Amino acid sequence: MIDESRVEAGALPANGVPAERVLEEVRELRASDAPTHGGRLFAYVYDPAVPGLDELAAAAHRESAHVNGLDPTAFPSLLAMENALVGAAGRVLGAGPGTTAPDVVGSVTSGGTESLILAVKTARDAHPEIAAPRIVVPSSAHAAFAKAAHYLRVALDVVPVSPDTLRPDPAAMAAAIRPETVLVACSAPSYAHGVVDPVAEIAAAAAEAGVRCHVDACFGGWTLPYLRRLGQPVPPFDFAVPGVTSISVDLHKYAYAPKGVSVLLHRDATLRAPQYFAYADWPGYTMINPVIASTRSGGPIAAAYATVRHLGDDGYLRLAAVTRDAVAGLADAVRAVDGLRLMAEPESTVVCFTATAGGPDLFVLVDELTARGWHTQPQLSYAGLPASVHLTVTAAVAPRVAEFGPDLAEAVTAARAAGPVRLPAELTAVVGALTPEALTPEMVVGLAAGLGLGGEPGSAAGPLPERMALVNTVLDAAPSALRERLLVEFVSLLQRPTW
Ligand SMILES: Cc1ncc(COP(=O)(O)O)c(C=O)c1O
């Protein structure tokens, strides 16, 4: 149940609400969210479980929340913190004084997606003579590359990954490079499966063709170097690799900073130059933007600065060791259960598993895990790769690992007992016959209601049903264009103003 005040929270009240009450409202709203802390949510959040860190980051954020990154000369504090974060990221990724990449420069962006869009924009704008620019990515590359290609009108050449290694063949990546190619990209590691692409070979092929090579280390750029220092085999992926021209790393992931901070690094300032947007042809201030946003809050940058300095190199090494052990424990738990198999041997901080033939229905299993307080991320089948379950593992998971194994085994038994989701015949027929073009908003409303999606306006129930297996099975049966359309229509149903 929900009280009136929560519904009213969306409205502009006639009379201001006292501060304490407003905070209470925020807390009430937050109560229906997935748990950001406590090591039971395996996506979206990165929790080091370090006492006092949240408070420190919040205090630093408060100091700089109203500072504007629009003009670094007006707010040199922000420039100093940004330069320090870029230096830290460079050091972690094999650049800086005394390395083979001493001239690395970079910018702080709002997140991985912005870093990738800017990497693509920079590569595109370095070649104004190419009328129809293209980029080459493995099929496992983050969806943000497709978004960048779409926003920037750059063609996307996708090289499939092997169903066995989940990596692209470097020869196939090389073969995909054309005269119009402005960028070749790869991941260290991929989000979905957590495997590191053959960066050295791909970068060599790109260099030979005279094309830039971006390494998307948004996810793993802050952990792989520490895992390597701990003795784990990590293939070369950073600026030590010849041919790598830019790297992205998200501080709001494994640097454990609050959301809104990523770093995009280029091997030198010449490579970075086309990243800037400058405009003086209007009566206002000359706008010089290194990133997509113009006005930028200093809050996230200050929070990241405080986080990185407080944890320090030794802190990240310790957290990487804790996370490595948690990954090993979770992978063992998966191996111990009949009917599941790891998609890949973990080599970073992802554990990803699928069902073996005759194993449990994965979507039912995900619901059974949710019922036991474990929030995992189902991944739909795609281009010959089976549906899977993704676990992003952070340091906060470590104290939970011993509880996970028995719960996983129990959840598998329950999923087997429940049996696989069987789509009602009429639903199978509808999904089979649907095309993205034929889909109308009314059809989506009907389908969403039939699947228990959307919730009641003003009700305390979330927009998703407690059990998602049916929804996931429907989506899994749909081709990707239809998945996109269905989910866009659904999200657009959710995005309605409350008056
Ligand atoms: C490898 C990789 N690249 C890019 C991104 C996009 O990052 P963001 O969600 O911060 O935009 C992610 C997010 O998970 C990622 O894992």
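Remember, predicted model here, so these are calculated numbers, not experimental data. Indexing begins at 1, ligand by ligand and atom by atom, following the structure's order.
Considering only non-hydrogen protein atoms, atom 3 (N) of ligand 1 sits nearest to D216 OD2, 2.7 Å.
Only the side chain of C218 comes within contact range of ligand 1, with a heavy atom under 4.0 Å; no backbone atom does.
Salt-bridge formation is detected for the pair D157/R178: a Lys NZ or Arg NE/NH1/NH2 atom is positioned less than 4.0 Å from an Asp or Glu carboxylate oxygen.
Taking any N or O of T113, backbone or side chain, at least one lies under 3.5 Å from an N or O belonging to ligand 1. Checking only distances, F219 never comes within under 3.5 Å of ligand 1, N or O to N or O.
Every atom of ligand 1 is numbered from 1 in the order shown, and the set under 4.0 Å from a heavy atom of D250 is 7 (O), 10 (O). Residue contact check: H252 has heavy atoms under 4.0 Å from atoms 10 (O) of ligand 1. Listed by atom number, the atoms of ligand 1 under 4.0 Å from Y191 heavy atoms are 14 (O), 16 (O).
Among residues two or more places apart in sequence or in another chain, the side-chain hydrogen bond (donor to acceptor under 3.5 Å, both in side chains) test is passed with R296 by E82. Considering only residues two or more places apart in sequence or on other chains, P133 meets the side chain to side chain contact (heavy atoms under 4.5 Å, CB included) condition with R124, I130, V154, V182.
In this structure, a donor-acceptor pair under 3.5 Å is absent between the side chains of H142 and S187.
For atom 9 (O) of ligand 1, the nearest non-hydrogen atom from the set H142, K259, K147, K253 comes from K253.
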